[in-house]
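So you know, we letter chains A, B, ... as the sequences are listed, proteins then strands, and number each from 1.
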There are 2 protein chains.
Amino acid sequence: MSHDHAACMAPSLKAAENLGAKLTPLRRRVLEIVLAGHTPMGAYDVLATLARDGGKPAPPTVYRALDFLQAQGLVHRIDSRNAFVACFAPERSHQSRFFLCRACGRASEIEDAALDAALAAAAKRAGLTVERETIEITGVCAECASSHGPAA
Amino acid sequence: MSHDHAACMAPSLKAAENLGAKLTPLRRRVLEIVLAGHTPMGAYDVLATLARDGGKPAPPTVYRALDFLQAQGLVHRIDSRNAFVACFAPERSHQSRFFLCRACGRASEIEDAALDAALAAAAKRAGLTVERETIEITGVCAECASSHGPAA
DNA sequence: ATTTGAATTGTTATAACATAACGAGACGTG
DNA sequence: CACGTCTCGTTATGTTATAACAATTCAAAT
Ligand SMILES: [Zn+2]
Ligand SMILES: [Zn+2]
Ligand SMILES: [Zn+2]
Ligand SMILES: [Zn+2]
């Protein structure tokens, strides 16, 4: 697979800049690390990457940055993997809904109006006031299914 | 809230019995513990309850039993809480889909044909072969919303 | 009955994930 | 400068989960 990842990251970085002064160098660095792939990363993986920059960060440093980025909608947490993935469309606020490929590891956000409607209707029927969603559909993506491995 | 919890548990216990010889006393006991409430329980909570029976169980004991029960469809894991909840309709195999109330803690399974269809359509559109689902909608249930606390 | 092998459970240790608590520095405001 | 707030560093600990191996059980097969 070849895609212009720099272009792919651009909206997120731009959205991050537009937040204002709160995007500190540390937070920006953590965002870059998570943004570098389309694969969910563990907090300790982020920590290890950060450590290669020279400092000796401790877990709270990373968790605090990730909490901030989540609150800003720049990063989503993948509960089924204890991992974090960058949002590639942060300009529009949305819930966390993902397809996850267990073969190549890629996470792609679900954007589906019919699903939105079905979820809203189900919640309404149950009388639930929705606050958070964890929607993670795991399987094998089309590319992995057809090639017995991640797409080239 | 008053409901006949014994009757409520019956289908699960019956389904468990019908598995055959594989439901050992330990597994059955763990199922009973999880089945005792409609609230997700942590593995270490199960462990502590089990310990009150007299033995000195270690974590693997509980995790193995929970893995077995999950594989049999008798228990679901709630990824967003690192917890486990009994399935109250194990006779029909299904994915893990829940409404979770953050106020009273109750977990209730979503049964909604329109949602089923929307999920299937979204996966098909994305070319994903679905293997597992983590669908956890957290909010405040109708009872908690109306009473500023769990229903009586 | 004895052997044998698979499944289950016990036990010890450790890995992986996450947060509490406190202090030091940065930074703008009055 | 004095103040409060926010950010980040640091130490320690809490919480969740698994690896690895030993002991036990139990039911076939000989
Ligand atoms: Zn997103
Ligand atoms: Zn894939
Ligand atoms: Zn169920
Ligand atoms: Zn409630």
Side-chain angles (χ1 to χ4, degrees), chain A residues 16-17 19-34 39-72 74-85 96 100 105 107 132 134 136, chain B residues 16-17 19-34 39-72 74-85 96 105 132 134 136:
Chain A
E17 301 298 352
L19 252 43
K22 296 191 291 183
L23 188 73
T24 64
L26 173 65
R27 288 166 175 173
R28 191 196 159 98
R29 180 72 187 116
V30 170
L31 176 59
E32 285 169 358
I33 290 170
V34 177
T39 299
M41 274 184 99
Y44 279 71
D45 296 329
V46 175
L47 186 64
T49 303
L50 207 51
R52 272 178 240 126
D53 290 358
K56 292 159 191 59
T61 297
V62 163
Y63 281 103
R64 285 188 291 229
L66 289 170
D67 285 349
F68 170 83
L69 295 170
Q70 269 184 271
Q72 302 303 317
L74 296 166
V75 159
H76 298 287
R77 182 184 157 87
I78 308 296
D79 285 328
S80 62
R81 309 238 199 147
N82 295 334
F84 301 85
V85 69
S96 175
L100 305 173
R132 273 184 301 282
T134 295
E136 295 162 18
Chain B
E17 301 297 354
L19 252 43
K22 296 192 292 185
L23 189 73
T24 64
L26 173 64
R27 289 166 174 172
R28 190 194 161 98
R29 180 72 186 113
V30 170
L31 176 59
E32 286 169 359
I33 290 169
V34 177
T39 297
M41 272 185 102
Y44 280 75
D45 296 329
V46 175
L47 186 63
T49 305
L50 207 51
R52 270 178 242 125
D53 291 356
K56 291 155 191 64
T61 297
V62 163
Y63 280 102
R64 285 189 292 229
L66 289 169
D67 286 348
F68 171 85
L69 295 169
Q70 269 184 272
Q72 302 303 317
L74 296 165
V75 160
H76 299 286
R77 180 184 158 87
I78 307 296
D79 286 328
S80 62
R81 307 239 199 150
N82 295 332
F84 301 84
V85 68
S96 175
R132 274 184 300 284
T134 295
E136 295 162 18

Interatomic distance, A:Leu47 CG vs C:dA16 C1' [rounded to whole Å]: 12 Å
5' priority, DNA chain C, between A:Ala43 and A:Arg64 [closest heavy atom]: A:Ala43
OP1 or OP2 of C:dT19 under 4.0 Å from side-chain N/O of A:Tyr63: no
Protein-nucleotide distance (A:Gln70, atom CD; C:dA18, atom C1'), rounded to Å: 13 Å
Note, A:Phe68 side chain near A:Gln72 side chain (heavy atom, < 4.5 Å): yes
Selection from D:dT7, D:dA17, D:dG9 that lies nearest to any side-chain heavy atom of A:Lys22: D:dT7
Nearest to side-chain heavy atoms of A:Asn82, which nucleotide of D:dT10, C:dA18, D:dT7: C:dA18
Rounded distance in Å - CZ (A:Arg81) to P (C:dA16): 17 Å
Spacing between A:Met41 atom CE and C:dC17 atom P, to the nearest angstrom: 12 Å
Whether B:Glu136 side chain and B:Ile78 backbone form a donor-acceptor pair below 3.5 Å: no
Side-chain (B:Arg29) to main-chain (B:Leu50) donor-acceptor, under 3.5 angstrom: no
Spacing of B:Phe68 atom CZ relative to D:dA17 atom C1', expressed in whole Å: 20 Å
From D:dT10, D:dA20, D:dA17, nucleotide with atom closest to B:Pro59 side chain: D:dA17
Distance below 4.0 Å between A:Thr24 side-chain N/O and D:dC8 OP1 or OP2: yes
Check: A:Arg27 side chain, A:Lys22 main-chain N or O, donor-acceptor pair, under 3.5 Å: yes
Spacing of B:Leu50 atom CG relative to C:dG10 atom P, expressed in whole Å: 8 Å
Whole-Å distance separating the CD1 atom of A:Ile78 from the P atom of C:dA18: 12 Å
DNA chain C: 5'-proximal contact among A:Arg77 and B:Arg27 (nearest heavy atom): B:Arg27
Nearest-Å distance for atom pair CG/C1', residues A:Leu66 and D:dC8: 14 Å
Exercise: identify the closest heavy-atom pair between A:Leu19 and A:Leu74: CD2-CD1, 3.8 Å
Heavy-atom donor-acceptor pair, B:Tyr44 side-chain to D:dA17 base, under 3.5 Å: yes
Side chain of B:Leu26 - closest among C:dT9, C:dA20, C:dA18: C:dT9
